[in-house]
Amino acid sequence: MKVKFTLTMDDATVSGDQYDSIVIDWISEVPQDEVLRMSQQWITSQNFLTQRMVGLSRVGESSLTIEPVEDKL
């Protein structure tokens, strides 16, 4: 399943520098069960981002959007 991820982080601290907003998006081929697992981890883990991103020490608000991408022939 091809999906587009959009990660938005507001009021973030990265390597000691403060940022009002950071938006990262990418497209990846991911099995549907993996998408569900990632969504569940995102919802249940308070430190999901700071545990996975080097240099990120604080995030005020964040959101992760996962959308299916249609292949155009």
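More than 12 heavy-atom neighbours from other residues, nucleotides or ligands sit within 6.0 angstrom of CD on Q51.
Linking Ile, Leu, Val, Met, Phe, Trp and Tyr residues whenever their side-chain heavy atoms come within less than 4.5 Å places L56 and I24 in a single cluster.
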Under 3.5 Å, which donor-acceptor pairs link side chains of residues 33-40 to any protein atom two or more places apart or in another chain?
unit_1, atom_1, unit_2, atom_2, d
E34, OE1, R37, NE, 3.2
E34, OE1, R37, NH2, 3.4
E34, OE2, R37, NH2, 2.4
R37, NH1, Q41, OE1, 3.1
S39, OG, V35, O, 3.0

Step by step, work out the side-chain contact (heavy atoms from CB on, under 4.5 Å) result for V14 and I22. CA-CA 10 Å; V14 180; I22 300 170; 4.0 Å; yes
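The shortest side-chain heavy-atom distance between V23 and T6 falls under the 4.5 Å cut-off. For the pair R58/M9, no side-chain contact is recorded, criterion being any heavy-atom separation below 4.5 Å from C-beta on. Inter-residue side-chain proximity for L49 and S62 is flagged as met; some heavy-atom pair is nearer than 4.5 Å.
For the ring-ring contact (aromatic ring centres under 6.0 Å, His included) condition, the pairs that include at least one residue of residues 30-62, sequence neighbours left out, are W42-F48. Annotation: ring-ring contact (aromatic ring centres under 6.0 Å, His included) contacts involving residues 10-30, sequence neighbours excluded, comprise F5-W26.
Residues passing the side-chain contact (heavy atoms from CB on, under 4.5 Å) test with Q32 are M1, sequence neighbours excluded. A search for side chain to side chain donor-acceptor pair (under 3.5 Å) contacts involving Q18 returns D11, T13, not counting sequence neighbours. Residues forming a side chain to side chain donor-acceptor pair (under 3.5 Å) with S21 (at least two apart in sequence, or on another chain): D10.
With values rounded to the nearest 0.5 angstrom, D17 atom CG is found 10.0 Å from S57 atom OG.
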